[in-house]
Student: 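The following block contains the structure, expressed as structure tokens.
Keep in mind that the numbers below use all heavy atoms, side chains included, and drop hydrogens, waters and symmetry copies. The first residue of the sequence shown is numbered 1, and numbering continues consecutively from there.
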Amino acid sequence: MPSSHGYHAYHLVDMSPWPLTGSVSTMMLTTGLVKWFHQFNMDLLLLGVLATILTMIQWWRDATREGTYQGLHTQVVMKGLRWGMILFIVSEVLFFFSFFWAFFHSSLSPTIEIGTCWPPVGTQPFNPFKIPLLNTTILLSSGATVTWAHHAITSSNRSEAIQSLALTIFLGLYFSALQAFEYAEASFTIADSVYGSTFFVATSFRGLHVIIGTSFLAICFYRLYKCHFSSDHHFGFEAAAWYWHFVDIVWLFLYIFIYWWGG
């Protein structure tokens, strides 16, 4: 189809400043975190957060314009986007695999420095049948509601899609709030031996993925409200739903091995 680059069956993106501003803003974000940890100054961190959010908004705006109004996301392009999303999720699986490797390496053969037992002596782990079990129920329910939204979109039932997607976003926010409360009530910190390190690194990165997934679904909710999706052209939502199901599966592994078995 015709584009600014000529006739192509695939999509060539126009020149964009957002990859550059995105890398600069995330560098400010990372450096700002280090500055906050060591100097207790959040100026650079807040500037990095603001720059990252502005880049995200404008980059999403351009991608939405290309796919919704300019017709550049053809079936061939969407096939490439699907493979890109699949490979991204595979990379995320390997990312979390490293956390589980660290956890099992320490828990299956605890060293003498931590008392040759797991959890280490003096560490009081969470009760897996309280907030962790509630969070598991919330996420499994959110997986059902996002699937409901997907079926509603493919059936051109816009009202049901809006309701189910709004419920999914609410459940994601509820999960994040409960995890924050859980951290506030924890009897140990990230500095408490290898147990605290592996627990908080794994669960906090998992919590960050919930926040990212909730943001993706919120953008999809806005686009759904604006009638950007149709029954056969809704890959933006489909990618967010895949990501959300991945987040659900990771949580099940975390709950079973870190909260239940590991505790």
Student: Testing the 3.5 Å rule here: is there a donor-acceptor pair between the side chains of Tyr174 and Ser142?
Tutor: no
Student: Looking at every heavy atom in both Arg158 and Leu224, which two are closest together, and how far apart are they?
Tutor: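 Closest approach of Arg158 to Leu224: NE-O, 3.4 Å.
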Student: Please say yes or no: joined through hydrophobic side-chain contacts below 4.5 Å, possibly via intermediate residues, are Phe246 and Leu252 part of one cluster?
Tutor: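 Per the 4.5 Å side-chain linkage, Phe246 and Leu252 are not co-clustered.
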Student: Find out whether Leu45 and Leu29 are in side-chain contact, i.e. whether some heavy atom of one side chain is under 4.5 Å from a heavy atom of the other.
Tutor: yes
Student: Taking all non-hydrogen atoms of both residues, which atom of His73 and which atom of Met78 are closest, and how far apart?
Tutor: O-CG, 4.0 Å
Student: Please walk me through it: do Phe253 and Phe96 pass ring-ring contact (aromatic ring centres under 6.0 Å, His included)?
Tutor: CA-CA 10 Å; Phe253 279 96; Phe96 278 99; over 10 Å; no
Student: How long is the gap from CZ on Phe126 to CG on Leu133, to the nearest 0.5 Å?
Tutor: 14.5 Å
Student: Do Asn41 and Trp36 have a side chain donor and acceptor closer than 3.5 Å?
Tutor: no
Student: Quick check on the hydrophobic clustering: are Val121 and Trp118 connected, directly or via other members, by side-chain heavy-atom contacts under 4.5 Å?
Tutor: no
Student: So which atom in Pro128 and which in Tyr255 form the shortest heavy-atom distance, rounded to 0.1 Å?
Tutor: O-OH, 2.9 Å
Student: Determine whether the aromatic ring centres of residues Tyr195 and Phe103 are separated by less than 6.0 angstrom.
Tutor: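 When the ring centroids of Phe103 and Tyr195 are compared, they turn out to be at least 6.0 Å apart.
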Student: Sub-3.5 Å donor-acceptor pair from the side chain of Thr64 to the main-chain atoms of Trp60, do we have one?
Tutor: yes
Student: Are Cys220 and Phe229 packed together at the side-chain level, in the sense that at least one heavy-atom pair is separated by less than 4.5 angstrom?
Tutor: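 Contact flag for Cys220/Phe229 side chains = yes.
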Student: How many angstroms lie between atom CZ of Phe216 and atom NE2 of His209, to the nearest 0.5 angstrom?
Tutor: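 These two atoms lie 9.5 Å from each other.
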Student: Quick check: do Thr21 and Trp59 have side-chain heavy atoms less than 4.5 Å from each other?
Tutor: no
Student: Does a side-chain heavy-atom distance below 4.5 Å link Tyr259 with Thr203?
Tutor: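 Tyr259 vs Thr203: side chains touch.
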Student: Assess, by modelled atom type and distance only, whether the side chains of Tyr69 and His228 contain a donor and an acceptor separated by less than 3.5 Å.
Tutor: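 The criterion, which ignores hydrogens and geometry beyond distance, is satisfied for His228 and Tyr69.
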Student: Where is the tightest heavy-atom contact between Ala152 and Ala161, given as atom of each residue plus distance?
Tutor: CB-N, 3.5 Å
Student: So does Ile211 get a backbone contact from the side chain of Ser176, meaning a donor-acceptor N/O pair under 3.5 Å?
Tutor: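 Side chain of Ser176 to backbone of Ile211, a donor-acceptor pair under 3.5 Å: no, none is there.
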Student: Regarding Ser155 and Asn157, is there a side-chain donor-to-acceptor distance under 3.5 Å anywhere?
Tutor: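 No.
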Student: Is there a side-chain contact between Thr147 and His245 (heavy atoms, below 4.5 Å)?
Tutor: yes
Student: Going only through I, L, V, M, F, W and Y residues with side-chain contacts under 4.5 Å, is there a path from Ile258 to Leu208?
Tutor: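 Yes, Ile258 connects to Leu208 through the hydrophobic network.
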Student: Under a 4.5 Å cut-off applied to non-hydrogen side-chain atoms, are Leu171 and Leu139 in contact?
Tutor: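 No. Closest side-chain heavy atoms not under 4.5 Å.
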Student: For Trp251 and Thr136, test the side chains for any donor-to-acceptor distance below 3.5 angstrom and give the result as yes or no.
Tutor: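 Judged by distance alone, the side chains do pair up.
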Student: So, Arg82 and Glu238, do they make that salt bridge, N to O below 4.0 Å?
Tutor: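 Yes, Arg82 and Glu238 are salt-bridged.
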Student: Kindly compute the distance separating CD1 (Ile219) from OG1 (Thr214), expressed to the nearest 0.5 Å.
Tutor: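 OG1 of Thr214 is found 12.0 Å from CD1 of Ile219.
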Student: Once you round to the nearest 0.5 Å, how far does CH2 of Trp18 lie from CG of Leu20?
Tutor: 10.5 Å
Student: Report, as yes or no, whether the 6.0 Å neighbourhood of atom CE on Met42 holds more than 12 heavy atoms from other residues, nucleotides or ligands.
Tutor: yes
Student: Enumerate the residue pairs fulfilling ring-ring contact (aromatic ring centres under 6.0 Å, His included) with a member in residues 136-156, sequence neighbours excluded, ordered by first and then second residue.
Tutor: His150-His234, His150-Phe237
Student: Between Phe205 and Phe99 (judged by ring centroids, cut-off 6.0 Å), do the two rings come close enough to count as a pair?
Tutor: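 They qualify: ring centres under 6.0 Å apart.
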Student: Does the Ser197 side chain pair with the main chain of Ile190, one donor and one acceptor, at a distance under 3.5 Å?
Tutor: yes
Student: Just verifying a value: how many Å separate Ile153 CD1 and Ile162 CD1, rounded to the nearest 0.5 Å?
Tutor: 9.5 Å
Student: For a 4.5 angstrom cut-off between non-hydrogen side-chain atoms, does Leu72 reach Val77?
Tutor: no
Student: Is it true that a side-chain atom of Ser187 and a backbone atom of Gln124 form a donor plus acceptor pair closer than 3.5 Å?
Tutor: yes
Student: Look only at the side chain of Arg65 and the backbone of Gln70, and say whether a donor-acceptor pair between them is shorter than 3.5 Å.
Tutor: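 No, Arg65 side chain to Gln70 backbone: no donor-acceptor pair under 3.5 Å.
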Student: Once rounded to the nearest 0.5 Å, what's the spacing between atom CG of Asn127 and atom CH2 of Trp260?
Tutor: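 One finds 12.0 Å between CG of Asn127 and CH2 of Trp260.
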Student: Do Phe40 and Lys35 touch side chain to side chain, with heavy atoms closer than 4.5 Å?
Tutor: no
Student: Under 3.5 Å, is there a donor-acceptor pair between the side chain of Thr116 and the main chain of Ile112?
Tutor: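 Checked: no pair found.
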Student: What pair of heavy atoms forms the shortest contact from Ala51 to Met28, and how long is it?
Tutor: CB-CE, 3.8 Å
Student: State plainly whether one hydrophobic cluster holds both Ile138 and Tyr183, where clusters connect Ile, Leu, Val, Met, Phe, Trp and Tyr through side-chain heavy atoms under 4.5 angstrom apart.
Tutor: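 Hydrophobic grouping puts Ile138 with Tyr183.
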Student: Measure across Gly172 and Val210 and return the closest heavy-atom pair with its distance rounded to 0.1 Å.
Tutor: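 Looking at all heavy atoms of both residues, the shortest contact is O-CG1, 3.9 Å.
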Student: Taking it one step at a time, do Met85 and Leu81 satisfy side chain to side chain contact (heavy atoms under 4.5 Å, CB included)?
Tutor: CA-CA 6 Å; Met85 191 65 192; Leu81 292 174; over 6 Å; no
Student: Inspect the surroundings of CZ in Phe95 and state if more than 12 heavy atoms from other residues, nucleotides or ligands are less than 6.0 Å away.
Tutor: yes
Student: When Pro120 is tested against each of Ile114, Thr111, Asp192 for side chain to side chain contact (heavy atoms under 4.5 Å, CB included), which residue passes?
Tutor: Ile114
Student: With distance as the sole criterion, is a donor-acceptor pair present between the side chains of Thr154 and Ser231 under 3.5 Å?
Tutor: no
Student: Residues two or more places apart in sequence or in another chain: which of them pass ring pair (Phe, Tyr, Trp, His ring centres under 6.0 Å) with Phe104?
Tutor: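 In terms of ring pair (Phe, Tyr, Trp, His ring centres under 6.0 Å), with neighbours along the sequence ignored, Phe104 is linked to Phe257, Trp261.
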Student: State yes or no: do Val24 and Met56 share one hydrophobic cluster built from I, L, V, M, F, W and Y residues joined by side-chain heavy-atom distances below 4.5 Å, directly or via other members?
Tutor: no
